[in-house]
Structure formats: C-alpha cells, structure tokens
Amino acid sequence: MPFESKIEAGHTIVSIDETRLDASLSEPVRAYLFDQIDNGSDNLIIDLSQVRFMDSSGLGALVAALKKMGGTGSMKLAGAQPAVTDLFSLTSMDKLFAILPTVTEAIEEK
Amino acid sequence: MDILIVEDARDQRMILSVALKKQGHRVFEASDGYEALNVLESHPGIRIVISDWMMPNMDGMELCEAIRKSHIEYYVYFMLLTGISDREAMVEGINRGADDFINKPLDFDELGARLNAGIRIIELKAALEHKIQTIEKDLESAAETQARLLSEPAKIQNVDFNWYFKPSRILGGDMFGYQALDGETLGFYQLDVAGHGIPSALFSFSLNNTLREDGGGSLLKESFSEPPFYRVKEPDEVLMSLNEQFQAKPESMLYFTIAYGLINSRTGSVTFSQAGHPPSLWLKSGSKSVEKITCSGVPVGMMPAMTYENITIQLQPGDRLFLYSDGVTECANNIGEMFGEQRLVSSLENTFDHTIEAMISRVEQDIINWTGADVFEDDVTYLVLEWQP
C-alpha cells in the first residue's frame, strides 16, 4: 500500500508515499480516504511531502474526500512541493482546504 | 477445428490423423518444423498444432518458439508429443511456449480430453477478441461523433478562430467552441474534463451542448420581456451557473477546468474568466510579446457556491489569444521532464510573423520534438483566436 495513516493529537495523518499522484493512483487514494472517513476519522491531514507531481485526477481524489465529509470535520493538506503548490494555486485550492507547509503546522493550525 | 499434426514418422502421423478425423476435425500434416511453418502460413484457420518433440531439421520445441515469435496475430494452441516423461523437460517446454503435453504411446481418450481443453481456451479467446473488437468499434464511432461536434475553423465578425485537438486514447475529455451571441459579441471557451476515456468524453459532449447558444433560454444569455430583450451574461456568471448545474459526485469526481471569454468584435475588448484552467496567453502583435492572463478559480463541479473573477483586456488589431489544456504543458520528454509553460511561451514568441495555421503547426511540432512521439499521454488541445478589424 503506498499510503499509511497514523493518529496524532486527534488528527488522522495520511501519508502518500508515492512521487506521482496521477490517474493510476487516484482511485486507490480516493478509496483509502473514504475508508478512513467511514471509520470515523473526521480530522484528516494529508501529508503530500513525497508527491512531486499531481494531476487533475489526483486533485479530484482529494476533493472527493472533502465532499464526502460534507462539511463535518476538517481536512488539511500539508507538505506540498512546488509543482503541487502551483497546481493548488492555479485551482484556488486554498478556498477549499487549509494548506500548511508541514504536518506539525497542520496539527497546530486551528 | 483445424488441426496440424507435425510428426516425422509417417505411420504415427497417419494413426493420429485418422483418429482426429474420426472426431470430426479437419487435419493437416507436416513432417518437420519447417514444413509446419509453411502449412500454417497458407492455412490461417489452423488454431491447434500437435507436434512431436524429436524431429530432424527443426524439432518441436524450435517450431513452438518460431510460432510464438512469428507475426501470426491469432493464438495457436501448441501441444507437444513426447516420450520423455521427465519433469524438467516439461517445465522447459512450457517455459518455451508449449501449452500442453501428451505422452507417447498415445491414449486416444486422453488426447480427446486434452484437445477439448485446448478448444475451450481457443473459443474463450475468440469470444474475448470479438468483444474487444466491438468495444473498439464503438470507441471509434464515438470519436467520430466527437470530431463532428468540434467547431470548424472560422472567421466570425472580424475574429479568426482555429485550433489543434488531439485526444490521448481515441476519446478525449477536452472540448472547445466559439459562436456569435449577438451582432458584436462572440463567446468562446476551452475546457478539460478531469481524466480521459469514455466518462470524460461523454461529459464533454454534454457540456458542448450546454454551452451552445441556440436562441432559447440559455446559460449564456438572460432574456427579458422588454427591449433589448436579452443580456449577454458575464463570464463569471456563466461559470457560476455551470458550477451549480454540474456538481460532481464524490464517487466519480467528473469535474472540469475551463477558460471562458467574450470578445466584442467591434472594439476588441475581451472579458475573461477561468476556473482552474492554465492561464490563457495573450500574443501582442505590437510588442511581439506573450503575456499570461492570470485569473484563478476553483474548477467547475468541485464545490457548490464558488465565485469567479472577470478580467478585461483590450486587444489591438492583430493580437491573438491562445487557450490551452494542461495536456500541452504536461507533455513529458523521455526523462519525464515536462514541456512546461516557459517552453510554450518561447515557442509562441517565434510565431508572430506566422499565419494562424502555421503557428498551430509550429507549436505542434515543438511539442512533438519535445516528447519524441506524436502520441500523447493526455489530451492536447489549444484554441487560437485573432482579432483583425
């Protein structure tokens, strides 16, 4: 499994351990995040620090999880690298997610 | 079933041939591997080969390898006759491409049963191939439908429109269009549905329809009962309406990025709005420079109640706008490095003295030179317009 999760200070931290979050990985990521949500995680932090490239399918998987939470709970993105940050700014993802430089800052952010 | 028997001992060959004919098969014969290849070449109906292992010239194993390496497009089920019952020889034979083994001396009941197993596999494969062919035919006709939906290059009221469109695998999720909304206002867009293949293409078809102005109550115009009876909606309003109408389901996440603009064909004023789409490029004919039109927005369908921003620019005669999907800049070369916005801008900087057609092929050529192939991983689309009052 290219993802793992741990619980820290009331947050479920999901790490994507792949360099490309694209069409080939987006469906497994989506299914994994949905499982976390179905199992009661309502404070998600996605650690993207390993991801060097993300395409529209990958972005879709993250937003799918946010949509599934449907306004209850929170989902934050952490550790995005430059290419991913560019995609976030092009698509105004800061309007949907709290985007933090590191997981630690994501945990501290209220 | 058409079966080829390959056996150097004439009497053995005859016994086997008679037995198989009795079971209703059509039988062909060869006395070594070379002859067998010739028979296969001239009788493409043969799907099963029963071959002796030890033969002069070309033995059974060499024949099997020759068939596996050949240009024969259908699968040939290969059964090897052997007196050797040792395990290692059998493992070697399977590794080199044989499907089954029959021990000599022959037991005809066993032979019949093993042949039936082979026939089952051949029939499954044929059924599968038939289904794949049907799907491919459907995909091709869907691709033709898509090609018919694309607007023809056209000059509409002082504005020239042209484009390049290449879907990644037969069908794409990219779409574009342009049309007159009244005597001096033209609308144009380029969009990219996330993902590619059938779901994205179907969605792009339906968006093409939605974004077509056909007089009635449309997404692009608001009508009134008093003169002037209508108002052309601003681009940000159009994107907001699209966003309310096409919210993606979390399970499928069919969303899209889009650049939508209005151009006044008399004055050259352009109002523009973008939702998660790569910044469109403004090619200024006077200064021969390329400027990015940056206005960001959340892609359409991700979240309800999003707002978008309008940007207005004033074109000069001969100025062009270049709208493109991320398939252009995300084209990767053989070491995975992307074409990128900077190379696209450089490519366009060399096209100021080109006609629109020449400019379109120049960019295509630069992308192909970069990727080293003319098959792309994502849809590659760009729409160009030129204002020439």
Side-chain angles (χ1 to χ4, degrees), chain A residues 18-38 41-42 44 46 51-75 77 81-99, chain B residues 168-169 173-174 191-197 199-200 239 243 247-259 273-280 292-309 325-327 329-332 336-338 340-342 377-379:
Chain A
E18 287 280 339
T19 56
R20 290 177 66 88
L21 179 40
D22 59 12
S24 61
L25 197 64
S26 63
E27 185 46 33
V29 166
R30 187 195 64 79
Y32 188 80
L33 293 177
F34 277 29
D35 280 351
Q36 301 293 318
I37 296 165
D38 286 335
S41 299
D42 55 1
L44 282 177
I46 317 294
V51 179
R52 287 208 297 268
F53 173 75
M54 189 188 298
D55 73 354
S56 58
S57 314
L59 194 65
L62 298 181
V63 177
L66 184 67
K67 278 183 99 113
K68 183 174 168 66
M69 292 179 111
T72 62
S74 84
M75 185 169 162
L77 308 178
Q81 295 196 32
V84 176
T85 306
D86 285 352
L87 178 68
F88 287 169
S89 99
L90 177 67
T91 53
S92 303
M93 282 301 108
D94 56 332
K95 289 187 183 171
L96 307 187
F97 296 99
I99 300 172
Chain B
S168 54
R169 303 174 233 160
D174 280 8
L191 65 82
D192 177 0
V193 178
H196 23 234
S200 307
L239 297 195
N243 190 50
Q247 275 302 304
K249 292 194 175 64
E251 291 73 25
S252 59
M253 275 319 278
L254 274 177
Y255 71 92
F256 60 98
T257 68
I258 183 171
S273 197
Q274 289 171 151
H277 210 63
S280 298
K292 267 165 63 167
I293 306 175
T294 309
C295 63
S296 54
V298 176
V300 176
M302 279 191 164
M303 279 293 154
M306 291 293 123
T307 55
Y308 297 92
E309 69 179 299
S325 65
D326 59 11
T329 40
E330 287 178 6
C331 270
E337 190 184 348
M338 291 183 190
E341 189 180 60
Q342 200 42 55
E377 276 176 44
D378 194 2
D379 301 341

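All chains are named by letter (A, B, ...) in the order of the sequence lines, taking the proteins before the strands, and each is independently numbered beginning at 1. Computed from a predicted model, the values in this text were never measured in an experiment.
Contacts with chain A were tallied for Ala275(B), Gly195(B), Pro299(B); Pro299(B) has the most, counting heavy-atom pairs under 4.5 Å. Contacts with chain A were tallied for Pro250(B), Ser252(B), Pro278(B); Pro250(B) has the most, counting heavy-atom pairs under 4.5 Å.
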List the atom pairs, with distances to 0.1 Å, where a side-chain N or O of residues 67-75 of chain A and a protein N or O form a donor-acceptor pair under 3.5 Å, not counting sequence neighbours.
from     : atom 1 : to        : atom 2 : distance (Å)
Lys67(A) : NZ     : Gln247(B) : OE1    : 2.6
Lys67(A) : NZ     : Ala248(B) : O      : 2.9
Lys67(A) : NZ     : Gly301(B) : O      : 3.0
Lys67(A) : NZ     : Met302(B) : O      : 2.8
Lys68(A) : NZ     : Asp38(A)  : OD1    : 3.3
Thr72(A) : OG1    : Met69(A)  : O      : 2.8
Ser74(A) : OG     : Asn43(A)  : OD1    : 3.0

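Under the side chain to side chain contact (heavy atoms under 4.5 Å, CB included) criterion, Ser273(B) pairs with Pro235(B), Asp236(B), Leu239(B), Tyr308(B), Asn310(B), sequence neighbours left out.
Contact check for Val298(B) versus Met93(A): side-chain heavy atoms found under the 4.5 Å cut-off.
In plain terms, the two heavy atoms of Ser92(A) and Gly297(B) that are nearest each other are OG-N, 3.2 Å.
For residues 82-90 of chain A, the interface with chain B (any heavy-atom pair closer than 4.5 Å) comprises Ser89(A), Leu90(A), sorted by residue number.
Expressed to the nearest 0.5 Å, how far CE of Met253(B) lies from CZ of Arg30(A) amounts to 10.5 Å. To the nearest 0.5 Å, the span separating CZ on Phe256(B) from OG on Ser56(A) amounts to 13.0 Å.
Residue pairs meeting the salt bridge (Lys or Arg N to Asp or Glu O under 4.0 Å) criterion with at least one member in residues 249-259 of chain B, sequence neighbours excluded, do not occur.
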